[in-house]
Amino acid sequence: MTAIINAELVMKDHLIPEAVLFVEDGKIAGFGEMRTTPIPEGCEIIDAEGKFVGPGFVDIHSHGRGGADFCDATDAAFDTIGKGKLEDGVTSFLATGLTRPEDELAEMCGAAERYKARCSGSTCLGVHLEGPFFNPEMAGAQNPDYLAKPDAALVK
């Protein structure tokens, strides 16, 4: 078990100053105020030095990070983004792709599935496809060459 001590623990509606957080097998095993919570013998100790400790962020709309884009559709791009997101405190994300040709969207979805299987950083929860089903008058920055009318077969 690991004990993260001297943390400012972020709770739903308050902070616990000078807290201890116990982690076991990658999951929270307990927490409390340091002055009243005993630390079991044999714990690995990490001193948070008064820094905030809170839940990981969930990024529901991101195209990339660290010079990589999900539309690159490569394992290297997903690894770069996933590791970088974890460094930023993002523990899970949706891989967001721009409106692209169908074969490129399929490649991106395949890269996402491969990443999910090996998860080398933040967890990929799935894919957020921006299109191609946009009203051409409301497509914003999407490439108009790849817009399409809604098609249930394409979604499947």
Side-chain angles (χ1 to χ4, degrees), residues 1-4 7-17 19-31 44 46-156:
M1 183 177 326
T2 300
I4 302 172
E8 182 106 9
L9 193 57
V10 179
M11 304 301 289
K12 179 180 177 182
D13 58 358
H14 67 285
L15 297 174
I16 300 176
V20 58
L21 176 73
F22 299 104
V23 179
E24 190 166 27
D25 297 325
K27 296 185 179 174
I28 295 173
F31 62 90
E44 174 190 358
I46 297 174
D47 190 343
E49 300 175 352
K51 294 183 176 105
F52 289 102
V53 175
F57 296 107
V58 178
D59 188 343
I60 62 170
H61 188 123
S62 171
H63 293 275
R65 185 193 185 288
D69 190 297
F70 290 119
C71 284
D72 296 343
T74 65
D75 292 348
F78 271 77
D79 289 344
T80 295
I81 297 165
K83 288 175 184 170
K85 287 194 166 299
L86 201 54
E87 291 170 7
D88 294 339
V90 174
T91 55
S92 55
F93 64 89
L94 291 176
T96 305
L98 293 167
T99 298
R100 306 291 303 147
E102 182 179 349
D103 61 327
E104 291 181 23
L105 294 176
E107 286 178 32
M108 186 186 104
C109 290
E113 287 302 309
R114 291 190 305 276
Y115 177 84
K116 284 168 66 175
R118 72 179 177 282
C119 193
S120 61
S122 181
T123 300
C124 180
L125 300 173
V127 174
H128 169 202
L129 296 177
E130 286 189 343
F133 313 127
F134 278 99
N135 174 338
E137 294 175 18
M138 306 298 286
Q142 303 299 323
N143 187 329
D145 293 341
Y146 305 122
L147 300 180
K149 294 189 183 227
D151 179 354
L154 178 60
V155 172
K156 288 181 183 182

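These numbers come from a predicted model, not from an experiment.
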Closest non-hydrogen atom pair between [X] and [Y], with its separation:
{"X": "Glu130", "Y": "Thr99", "answer": "O-OG1, 2.5 Å"}
{"X": "Ile60", "Y": "Thr96", "answer": "O-OG1, 4.1 Å"}
{"X": "Pro55", "Y": "Val10", "answer": "CD-O, 4.1 Å"}
{"X": "Val127", "Y": "Cys109", "answer": "CG1-SG, 4.3 Å"}
{"X": "Asp145", "Y": "Asn143", "answer": "N-OD1, 2.8 Å"}
{"X": "Ile4", "Y": "Ala48", "answer": "CG2-CB, 4.0 Å"}

Does Tyr146 reach the side chain of Glu104, with side-chain heavy atoms less than 4.5 Å apart?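 No - every pair of side-chain heavy atoms lies 4.5 Å or more apart.
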
State whether the number of non-hydrogen atoms from other residues, nucleotides or ligands found under 6.0 Å of Asp13 atom CG is greater than 12.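 Above 12, so yes.
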
Please name the residue in the list Ser122, Ser92, Ser62 that meets the side chain to side chain donor-acceptor pair (under 3.5 Å) test with Lys85.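 Answer after filtering Ser122, Ser92, Ser62: Ser62.
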
Would you say the ring centers of Phe70 and Phe93 fall short of 6.0 Å from each other?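 Ring centres of Phe93 and Phe70 closer than 6.0 Å.
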
Can a donor-acceptor pair be found, under 3.5 Å and without considering hydrogens, that links the side chain of Asp69 to the backbone of Cys71?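 Between the backbone of Cys71 and the side chain of Asp69 there is a qualifying donor-acceptor contact (under 3.5 Å).
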
Do any N or O atoms from the side chain of Asn135 and from the backbone of Glu137 form a donor-acceptor pair under 3.5 angstrom?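 It does hold such a pair.
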
